[in-house]
Undergrad: 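Before we start, here is the structure in question, set down as C-alpha cells.
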Protein chains: 2
Amino acid sequence: MARSTRPGITDVARLAGVSLSTVSRAMNGNPTVDPALAERVKAAAAELGYTANPVARSLVLGRTQTVSVVIPDLANPTFQAILRGLSRAAAADGYHVLISDTAEQVGEEGALATTMRRRTDGVVLCAPRLAREELAALLPTVAPAVVINRPPQADVPTVAADYGAAMSRLIEHLHGLGHRRIAYLSGVVASASGAARKAAITAATADHDGLEIIEIPAGVDFDSGGAAIDAVVDSDVTAALAFNDLVAMGLLSAATARGIRVPDDLSITGFDDIPFAAYTTPPLTTAAVPASELGRRAWAAMHALLTGTEPPASDVLTPELIIRDSTGPAVR
Amino acid sequence: MARSTRPGITDVARLAGVSLSTVSRAMNGNPTVDPALAERVKAAAAELGYTANPVARSLVLGRTQTVSVVIPDLANPTFQAILRGLSRAAAADGYHVLISDTAEQVGEEGALATTMRRRTDGVVLCAPRLAREELAALLPTVAPAVVINRPPQADVPTVAADYGAAMSRLIEHLHGLGHRRIAYLSGVVASASGAARKAAITAATADHDGLEIIEIPAGVDFDSGGAAIDAVVDSDVTAALAFNDLVAMGLLSAATARGIRVPDDLSITGFDDIPFAAYTTPPLTTAAVPASELGRRAWAAMHALLTGTEPPASDVLTPELIIRDSTGPAVR
DNA sequence: CTGTTAGCGCATTCAA
DNA sequence: TTGAATGCGCTAACAG
C-alpha cells in the first residue's frame, strides 16, 4: 500500500541528496542557494508532493498567516457583508480567516477573542455591544487588533461607518418632506452605532424647531419591526426611522397588512441598505452602510499592522443616503 | 516595564516548583496527578495568566481543533446559512472554523481545500460546480472530509437537500393549480442541484400528459431573474419555476414593474426559502432548503469522523414545500 | 505519582 | 554556498 504519512522535509532532503537546511532554504526561495541545487530540491519536493507543514512553520516563525474575525451574528446581512469583504481581501493577500459567530455566547467576546488570537496573528473585532471599558481592557491583550464600527480608540486602528451623519441625513430628508413628528424605532441602545444615531436625533431636534422625534423601543430584526406597528400608529407620527432595514421591513410589512399606505400614510426609512432593501414594496429609503467595504478596509488596516507598514489611522466612511419610495411628503 | 513575552510552560513549572511534564499533565486534567499539586500548578498558571500555546500543541498532537469550510459564495444567503449552522455547531463542540470564500478563484476549490486542510483537522466542502471527477480525486487527499449538496460518494459522508424531490413537489403544486405550460429558469446547469432539478422536470413531464416545461437559461441571482422576464413573457406560460428565490424575486420584481400580476397573470415559485422570501409582494411560494440545518449536520458528520464515532452515512433532507401567495390557479 | 528525555516538523543560527 | 546543531512550546513515552 501507499505511504500513509505525508513526506517531511527529511524525505525531500534524502531524495535530493542534500541536508534539510538546504531544502528549507530552497523551498523558501532563499537566494543563497545554488540555483541548480534549488531546482533539484524543488523537483524532489514536487515528486514527493511535499509541502511544508504550516503548523510547524507557524511554531517556529511565530506567525500563522491567519487572522481571527469575531462577528456578533452571522445571520445579520451587514455582518455577513463585512465578513465577506474582509475574507476576500485577506485571501487576496494570502491570509486565512478564522471566524467566530458570538451569537450564542453574548458577552463572551473577550474570552473568545483571546482564545482565537492565540491561533492567529491578529484579531478583527466587530463587537457593537461590548462595554467600552471591557473593550479597552481587551484590546491591548489581543494586539494587533482592528476594531469595526466603534468610536476611534487610541493605539488601535478603527474602521467605522458614520452612523450619526447618516442618521442626520435621514432626518433631514424626512424634515425636508415636511415631517415634523417622527418615530424612531430604537434597536440596541447599548451599541456604539445606537448611541451615534441617538446623538444625531438629539442634535436634529435641537436644530429644528417644531421637530419631534418619539423613541419607540424595538429590536434589531424583522419581527421587532412588525411588533412595533401599534406603538407607531398610536404615536400619531407621519414617518418612522427604523433602527435598520430589517426593522423597517418588518414595520413596512405590518403597516401594509393593516392597510396603512407607505409612503402616503406613513413614511419609513431603514438603515444599512441590505441587499433586499431595494426590493421591498415599496423599495426602502435608507442609508447605505458600505459593509463589505468596511470589511475590506479592516483587512487593509490589519495587513498594515501585520507587515509593519505605516500605523493606519482611524478610517470612517459616511453612508450614502439612498432615497427610494418608502418616503414621501408628510400628509398631516 | 511588564513582560513582553507570554509565560511558557517553563515559567509555570518554576513558579509551582515542579517539572514541565507535571504542568502539562495538570493543565490537561490528567488524573495521575496529585490533586493538591494540580491545584498548585493551576494556581501558578492562573497567576501568570498562562495558557498552553495552541500552535505548539497542534504540532505535537497532530490536531488543530479547527476545521476548514469552503464556500462558493459568501454573498449567497443559502451558503451563509450553511456556514452559520456549521460554525455554531462546531463552536459548541469546541472547534474553530477556518473559512474560504472561493468566489474569486472558481475552479481553485481543490487547491484551496488542500491548502486549508493542512492547517486544520478536516474540510467541509461545499462546491456545487466542481466537476465530479475532480471532486472524486480531491476527496481522498483531504480526508477527513464531508461534502454538502452533492450526490452520495463512497467513503465520504454527504449531507444534502433533495433538490429533485423538492422540485417535484413544486411542479405538482403548479400542476394541481392547473398550470400546463410552465417556464423553468435554469441557473447553473453544471451544478449537482441543477442536475437534480432537471431530472425532476424530465420525470414530471413524462408523468403528466399535456404538461410542458420550457427551459429558459438564466443565472442564479436577482438580476438574472429580472433579465429573464422577456423570455418568460414570450414563452406564453402561466407559471415559472425559478432556479432559486433570488431569481424568483428578480422575476417577480420585473413582472410587477411590467404590470404583470402575480399570481393572477403569472405564478412564480422560488427555491431555498431564504429569509426574505416570505416578505416579497406577494410572498413567495418556494421549497425550503434547510440550509443552516445542513450546516449543523455537516458538522455532526465531521465531528463523528474526527472522534472516530460510527461512520456517518449520507444524510439527505427533503425541503418542505412552502405555499405562499406567488402561485395561484392557472388562468388560460 | 513525578521527573527526565525525546521528539512533533521546520527555520535558523553557527561553523566549515 | 552548504551542513550540523539548536530550539519554537509542548506532550508522551520512559524510567524512578
Side-chain angles (χ1 to χ4, degrees), chain A residues 3-46 48-66 114-115 117-121, chain B residues 3-45 48-66 94 114-115 117-121:
Chain A
R3 50 150 231 286
S4 59
T5 170
R6 292 191 60 94
I9 195 170
T10 312
D11 302 300
V12 180
R14 187 164 31 220
L15 179 59
V18 296
S19 75
L20 67 182
S21 11
T22 298
V23 175
S24 175
R25 287 190 274 249
M27 295 304 288
N28 292 314
N30 188 317
T32 74
V33 314
D34 182 90
L37 235 195
E39 264 328 299
R40 189 144 57 89
V41 170
K42 287 180 184 168
L48 264 39
Y50 168 81
T51 297
N53 179 325
V55 177
R57 298 194 86 224
S58 293
L59 180 60
V60 56
L61 258 16
R63 53 188 168 71
T64 60
Q65 215 66 345
T66 304
T114 303
T115 301
R117 171 63 178 87
R118 299 223 54 192
R119 359 187 123 250
T120 58
D121 301 340
Chain B
R3 52 149 229 288
S4 58
T5 171
R6 292 191 59 94
I9 194 171
T10 312
D11 302 300
V12 179
R14 185 163 34 219
L15 179 59
V18 297
S19 75
L20 304 192
S21 19
T22 297
V23 175
S24 175
R25 285 191 277 250
M27 295 305 288
N28 292 314
N30 188 317
T32 76
V33 168
D34 181 90
L37 235 194
E39 264 327 298
R40 189 145 57 92
V41 170
K42 286 179 183 168
L48 264 38
Y50 169 80
T51 297
N53 180 326
V55 177
R57 298 195 83 221
S58 294
L59 181 59
V60 57
L61 294 181
R63 52 188 167 72
T64 60
Q65 218 57 356
T66 305
T114 303
T115 301
R117 171 63 179 85
R118 300 224 51 194
R119 357 188 125 250
T120 59
D121 301 340

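Below, chain A is the first sequence line, B the second, and so on; all start at residue 1.
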Undergrad: Determine: side-chain N/O of B:T22 to OP1/OP2 of C:dG3, distance under 4.0 Å, yes or no.
TA: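 For B:T22, the contact criterion (side-chain N or O under 4.0 Å from OP1 or OP2 of C:dG3) is met.
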Undergrad: Looking at B:P54, is its backbone amide N or carbonyl O close enough to the side chain of B:S58 to form a donor-acceptor pair, meaning the two atoms are under 3.5 Å apart?
TA: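 Yes; judged by distance alone, with no hydrogens or angles, the pair exists.
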Undergrad: Between D:dT1, C:dG3, D:dC8, spot the one nearest the side chain of B:S21, thanks.
TA: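 The answer is C:dG3.
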Undergrad: In this structure, how many angstroms lie between the P atom of D:dC10 and the CZ atom of B:R63, rounded?
TA: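 Whole-Å distance recorded here is 15 Å.
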Undergrad: Verify, without hydrogens or angle tests, whether A:R63 (side chain) and A:R57 (backbone) share a donor-acceptor contact under 3.5 angstrom.
TA: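 Not confirmed, A:R63 side chain does not pair with A:R57 backbone.
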Undergrad: By nearest heavy atom, map B:P31 and A:N28 onto DNA chain C; which one lands nearer the 5' end?
TA: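 Upstream on the strand: B:P31.
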Undergrad: Expressed as a whole number of angstroms, how long is the span from B:N30:CG to D:dT11:P?
TA: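 Atom CG in B:N30 sits about 11 Å away from atom P in D:dT11.
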Undergrad: With distance as the sole test, does B:N53 use its side chain to make a donor-acceptor pair with the main-chain N or O of B:V55 at under 3.5 Å?
TA: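 At least one qualifying donor-acceptor pair exists.
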Undergrad: Among the candidates C:dA11, D:dC10, C:dT2, find the nucleotide nearest to the side-chain atoms of A:I9.
TA: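 Minimum distance to the A:I9 side chain belongs to C:dA11.
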Undergrad: Between D:dG9, C:dC1, C:dG3, spot the one nearest the side chain of B:V18, thanks.
TA: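 The listed nucleotide nearest to B:V18's side chain is C:dG3.
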Undergrad: Report the distance from atom CG of B:L61 to atom P of D:dG9, rounded to the nearest whole Å.
TA: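 Nearest whole value for this atom pair: 16 Å.
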Undergrad: For B:R57 and D:dC10, is the shortest distance between a side-chain N/O and OP1 or OP2 below 4.0 Å?
TA: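 Answer is no, no contact under 4.0 Å.
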Undergrad: Among the candidates C:dC10, C:dC8, D:dT2, find the nucleotide nearest to the side-chain atoms of A:A52.
TA: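 Of all the options, the side chain of A:A52 is nearest to C:dC10.
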Undergrad: To the nearest angstrom, how far is B:M27 atom CE from D:dC10 atom C1'?
TA: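 Atom CE in B:M27 sits about 12 Å away from atom C1' in D:dC10.
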Undergrad: A:R40 has an atom CZ; how far is it from atom C1' of D:dT2, in whole Å?
TA: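 That distance rounds to 12 Å.
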Undergrad: In whole Å, what is the span from the CG atom of B:L20 to the P atom of C:dT4?
TA: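 My rounded result for the distance is 9 Å.
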Undergrad: Kindly indicate whether the side chain of B:R119, heavy atoms from C-beta on, has any atom under 4.5 Å from the side chain of A:Q65.
TA: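 Yes, at least one pair of side-chain atoms sits under 4.5 Å.
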Undergrad: Tell me: CD of B:Q65 to C1' of D:dT11, nearest whole Å?
TA: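 In whole Å, D:dT11 C1' and B:Q65 CD are 15 Å from each other.
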Undergrad: Taking the side chain as every heavy atom from C-beta outward, state whether A:R25 and A:S21 have any atom pair closer than 4.5 Å.
TA: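 SC-SC contact between A:R25 and A:S21 confirmed.
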Undergrad: Base, sugar-phosphate, or nothing for A:V55, non-hydrogen atoms under 4.0 angstrom?
TA: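 Result for A:V55 = nothing.
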Undergrad: When you get a sec, tell me which of D:dT11, C:dT2, C:dC10 is the closest nucleotide to the side chain of A:Y50?
TA: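 Looking only at side-chain atoms, A:Y50 lies closest to C:dC10.
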Undergrad: Out of D:dT2, C:dT2, C:dC8, which nucleotide sits closest to the side chain of B:V60?
TA: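 Minimum distance to the B:V60 side chain belongs to C:dC8.
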Undergrad: Could you tell me whether the side chain of B:R25 has a donor or acceptor atom within less than 3.5 Å of a complementary atom in the base of C:dG3?
TA: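 Yes, a donor-acceptor pair under 3.5 Å.
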Undergrad: Measure the distance from CG on A:N53 to C1' on C:dG9 and round it to the nearest whole Å.
TA: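 Whole-Å distance recorded here is 6 Å.
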